[in-house]
Amino acid sequence: MSGIESVDTLIIDLPTIRPHVLAMATMHHQSIVLVRIRDTDGVEGVGEGTTIGGFSYCEESPESTKLAIDDYMAATLIGRDPAQVGAIMADIARQVVGNHMAKCAVETALLDLLGKRLGLPVSELIGGGRRRDRLPVAWTLASGDTTKDIEEAERVLAERRHNIFKLKIGKREVREDVAHVAAIKRALGDRASVRVDVNQGWSEAKAHLGMRLLQEADIDLVEQPIRGKNLAGMTRLSAAHGIPLMADEALRGPGDAFAVASTAGARVFALKIAQAGGLHAAHAVATIATAAGIGLYGGTMLEAGVGTAASAQLFSVLPDLEWGTELFGSLLVKEDILAEPLRYADFHLEVPTGPGLGIALDEDRIEFYRRDRPRSPAQSIPAKV
Ligand code: MUC
Ligand code: MG
């Protein structure tokens, strides 16, 4: 039997193609935590733990993710049979509360390693196997400028890359934000689905106004308008408006999924492997949603290639993905760390078919973008948002 021999982590700061403006942060780069787990036969599995905007999205940051793996999870992994993914993750769960991004990175690496050993894609190891080879993929318009957003949407529509757009709002006054969204919807018309993500930026009163105005503007979906912890408010908003409310920050794993489903707090769930605590936890969230008649959307924490491939493997096995996915993180960074880029064509992402995650790493880019590489001040990427 081969055992796990080493666990290594790295923080990698990847500049974005443009500033990405969200209600709680403006991203100029994406910081990912790459985990590499190697067994005694020299087979390596990789995983990614990624959040958004340092500590501004949730209680985890790239630095805390790295620390959780190095100081609290690695010892549990060393010497274990890498095939026992469930048993290893259960032991980690007993020792570490929360830290979902770190758990996701570790579980992803174990599944990648196991898939490589067996010669099977991760999709064949979870949830009954693959049901689709390509996933519809949305793009987020978040330059902060209406004209630029319309130009960007027209460009990617013409390239047949995306025809679903998510707009990040919640920073400005409700009417100003809705005017921005409505202008984009008017420009795109029926050629695209337009949705918004408020990232918890509104009070309940603002959300009532916003949802009414967004419905009038023919917007298809409103993501996390108020705090994810305010389930009663989400239930009231969902009941009051025809436009569907999608839960995102409210869903930190199966327990939250059960709470939101049983209080009718959302009609759609954004499924995120990082937020749920891994692929199996995200699959459980999906099962709860399906049982409750809640639609599914394949969400992202804006992971780069490794996390995007892992999410794609999971989303490829789900019975129904009514709202498509937003697995575009790899396109938001100027350069990804994959040897071969993920393939986006005809409004879809192709799910990699090779063993494990079906990807290989570009070691030169990893060396170049790793945060701990010595560099001159002029070359440095700010470590914090
Ligand atoms: C979020 O809150 O959904 C997903 C797409 C995007 O632009 O931001 C993320 C995070
Ligand atoms: Mg969101």
Side-chain angles (χ1 to χ4, degrees), residues 14 16-32 48-61 100-101 104 135-144 148-149 152-153 156 161-162 164-171 177 181 184 193-202 207 210 219-229 234 244-252 256 260 265-276 282 285 295-304 307-308 311-312 315 323-333 349 385:
L14 299 170
T16 54
I17 54 171
R18 56 150 169 73
H20 200 60
V21 185
L22 302 94
M24 68 294 177
T26 297
M27 295 166 61
H28 298 273
H29 65 273
Q30 179 55 306
S31 299
I32 68 169
E48 180 179 335
T50 294
T51 183
I52 292 171
F55 266 128
S56 65
Y57 182 93
C58 67
E59 300 87 345
E60 286 173 78
S61 71
H100 285 189
M101 276 120 216
C104 175
L135 304 164
V137 61
W139 177 252
T140 296
L141 300 169
S143 73
K148 276 193 194 152
D149 280 357
E152 199 172 288
V156 296
R161 228 179 63 185
H162 310 278
I164 305 169
F165 297 103
K166 167 158 140 175
L167 276 51
K168 289 291 193 181
I169 59 172
K171 258 181 109 153
D177 261 343
V181 174
I184 293 174
S193 169
V194 176
R195 304 145 184 207
V196 301
D197 187 357
V198 192
N199 282 115
Q200 317 185 86
W202 286 339
I219 302 309
D220 292 328
L221 196 59
V222 180
E223 181 172 341
Q224 203 63 62
I226 60 171
R227 306 259 1 135
K229 289 205 161 61
M234 287 170 62
L245 187 156
M246 177 157 80
D248 178 8
E249 283 89 334
L251 294 173
R252 308 227 42 228
D256 288 343
V260 179
R267 300 211 189 116
V268 185
F269 278 5
L271 201 60
K272 295 184 173 179
I273 59 169
Q275 201 158 262
V285 171
L296 285 176
Y297 177 65
T300 179
M301 287 302 284
L302 300 174
E303 291 99 338
T308 299
S311 303
F315 300 159
W323 295 85
T325 79
E326 57 181 13
L327 292 181
F328 67 86
S330 187
L331 301 171
L332 186 65
V333 290
L349 165 67
V385 175

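Note that ligands are numbered from 1 as they come in the structure, with each ligand's atoms numbered from 1 the same way. Index from 1, following the sequence.
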Checking the N or O distance criterion of under 3.5 Å, is ligand 1 in contact with Glu223? yes
From His28 atom NE2 to His20 atom NE2, the distance as rounded to the nearest 0.5 Å: 12.0 Å
What part of Trp139, side chain from CB on, backbone N/CA/C/O, both or neither, has a heavy atom under 4.0 Å from ligand 1? neither
Ignoring hydrogens and geometry beyond distance, is a side-chain donor-acceptor pair present between Trp139 and Glu152 at under 3.5 Å? yes
Here the N/O/S atom of Asp248 closest to the Mg ion (ligand 2) would be OD2
Can you list everything that forms a salt bridge (charged side-chain N to carboxylate O under 4.0 Å, His left out) with Arg267? Sequence neighbours excluded, please. none
For Thr16 and Arg18, does a side-chain donor sit closer than 3.5 Å to a side-chain acceptor? no
Glu223: which N/O/S atom is nearest the Mg ion (ligand 2)? OE2
Name of the Asp197 N, O or S atom nearest the Mg ion (ligand 2)? OD2
Which segment of Thr140 sits under 4.0 Å of ligand 1 when only heavy atoms are counted: side chain
Residues Tyr57 and Gln200: side-chain donor-acceptor under 3.5 angstrom: no
The atoms of ligand 1 lying under 4.0 Å from a heavy atom of Asp248, numbered in the order shown, are 1 (C), 2 (O), 3 (O)
Side chain, backbone, both or neither: which part of Met24 has a heavy atom under 4.0 Å from ligand 1? neither
Can you name the atoms of ligand 1, numbered from 1 with element, that are less than 4.0 Å from a heavy atom of Glu326? 3 (O), 4 (C), 5 (C)
protein heavy-atom neighbour closest to atom 2 (O) of ligand 1 works out as Asn199 ND2, 2.7 Å
Can you tell which of Met301, Lys168, His20 gets a heavy atom nearest to atom 9 (C) of ligand 1? Lys168
Pair Gln275, Asp248: side-chain N/O donor-acceptor within cut-off below 3.5 Å: yes
For atom 3 (O) of ligand 1, what's the nearest protein heavy atom and its distance? Lys166 NZ, 2.9 Å
Within Glu249, is some N, O or S atom less than 2.8 Å away from the Mg ion (ligand 2)? no
Atoms of ligand 1 under 4.0 Å from any heavy atom of Asp197, numbered from 1 in the order shown, are 1 (C), 2 (O), 3 (O)
